[in-house]
Amino acid sequence: MTLRREVRWLGTVSITCALIVGASLAAEPGTTSSFHPGELWPDNKGVHINAHGGGILVQGGTYYWFGEHKIKGPQGNSAMVGVHCYSSRDLYNWADEGIALAVSKDPKSDIVEGSIIERPKVIYNAKTGKFVMWFHLEPRGAGYEGARVGIAASDSVTGPYTFLRSLRTTAGTWPMNFPDVLKSGPLPTVPIPQGSTAWLQANLMGAIVRRDFKDGQMSRDMNLFVDDDGTAYHITASEENGTLHISELSADYLGFSGRWIRAFPGKHNEAPAVFKRGGKYYMITSGCTGWKPNAARSAVADSMLGEWRTLGNPSRGTQAENDTTFESQSTYVLPAPGKPGAFIFMADRWRPNNPVDGRYIWLPVLWEGDRPVLRWMKEWSLADFK
Ligand code: DGJ
């Protein structure tokens, strides 16, 4: 264990050094040299990668993939193990780095075994030297009503991460694009069923924002994005999944700065993934249909804090493929290594009855002018980026 840690440390200081000692898990190029969307993706031990709803952090030329560790059977949709980490130098071959954040056996812990931990994302804070993990957290046994974020941190990229706290988001602060007139007066009711015209009206009127102002806003599907200047943002499905919230994080990435906006009120977006190209910010999201895939959406903005403009469904395939995003749901968009302006769309093909068998759909982001589009590729490699 000590040797492994030491070698990892060496790896961050000098990749060459790690290659010489030959023990850095990530440094070993493997046998695979292309992506095979939807197929089993074996790690260095021959086991299908177990990092669902994941995201990637690049550190010193090594890629670290963090995602939900699933187990067999429907119970596997809950967090029975934790957040899994893998490393790679080429994005095709991945080494198992173990569990970066483990669930707790303590029933009083927010991250007790059987809670829900989804869509973990890790970012590095150069000011504090900490690796910071955010994830969607649902306390055990309460379905998806908790709608919280969990925050954990570590001094080492692969962990172990220490769970710090869980919270609702942006408590006590108004969105920057929330009209004063909606901040007071009679509170519109939020009738069930969700999605009804009355519900939509109340949502547009900011009823849920007001309801949750004091204790914090709901946060389910989430992602993080770090801008070129180091400013980080949390993007999340809030207001009963009706509206996205985009919030600037505090300088230490452990909380919020208080600057945030609502985006696409009442439009029911999930699975947000943000990337930046040519000074513009792009976002791919899904609709809200549980584990069933639906048509992706895309959007563009000049600033993370808006205005966001819809660009439509990015999929370019058969009707069935377009309606289901090639049977997948977005989780992250990764800048392609050594290819400025090129990006990899990462998505999950969920298998809710046996989640450990969930598949990964990685596709190149193609462009129609300034519009990101996706086409099915049975097999492809980074060399396909022109
Ligand atoms: C869709 C979300 O994108 C997933 O992360 C998960 O929360 C499922 N819904 C649960 O039904």
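One-based numbering, in listed order, for ligands and for the atoms of each. The basis for the numbers below is simple: all heavy atoms, side chains too, and nothing from hydrogens, waters or symmetry mates.
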Undergrad: Run the ring-centre check on W94 versus Y360 and record whether the distance is less than 6.0 Å.
TA: no

Undergrad: Looking at side-chain heavy atoms only, is the closest gap between Y282 and F343 below 4.5 Å?
TA: no

Undergrad: Please report which non-hydrogen protein atom sits nearest to atom 5 (O) of ligand 1, along with the residue it belongs to and the distance in Å to one decimal place.
TA: R119 NE, 3.0 Å

Undergrad: Should you measure from each heavy atom of Y144, which atoms of ligand 1 turn up under 4.0 Å away?
TA: 7 (O), 10 (C)

Undergrad: Looking only at non-hydrogen atoms, which of T285, N294, D221, I116 approaches atom 4 (C) of ligand 1 most closely?
TA: D221

Undergrad: Determine, using ring centers only, whether W380 and F345 are less than 6.0 Å apart.
TA: no

Undergrad: Quick one: does ligand 1 sit under 4.0 Å from the side chain of H136, the backbone, both or neither, non-hydrogen atoms only?
TA: neither

Undergrad: Relative to each other, are the rings of F35 and W362 parallel, tilted or perpendicular (30° and 60° limits)?
TA: tilted

Undergrad: Hey, do the aromatic rings of W260 and F178 have their centres closer than 6.0 Å?
TA: no

Undergrad: To check your reading of the model: name the closest protein heavy atom to atom 7 (O) of ligand 1, its residue, and the distance in Å.
TA: E118 OE1, 2.6 Å

Undergrad: For G290, counting its heavy atoms only, list the atoms of ligand 1 lying under 4.0 Å from any of them.
TA: 1 (C), 9 (N), 11 (O)

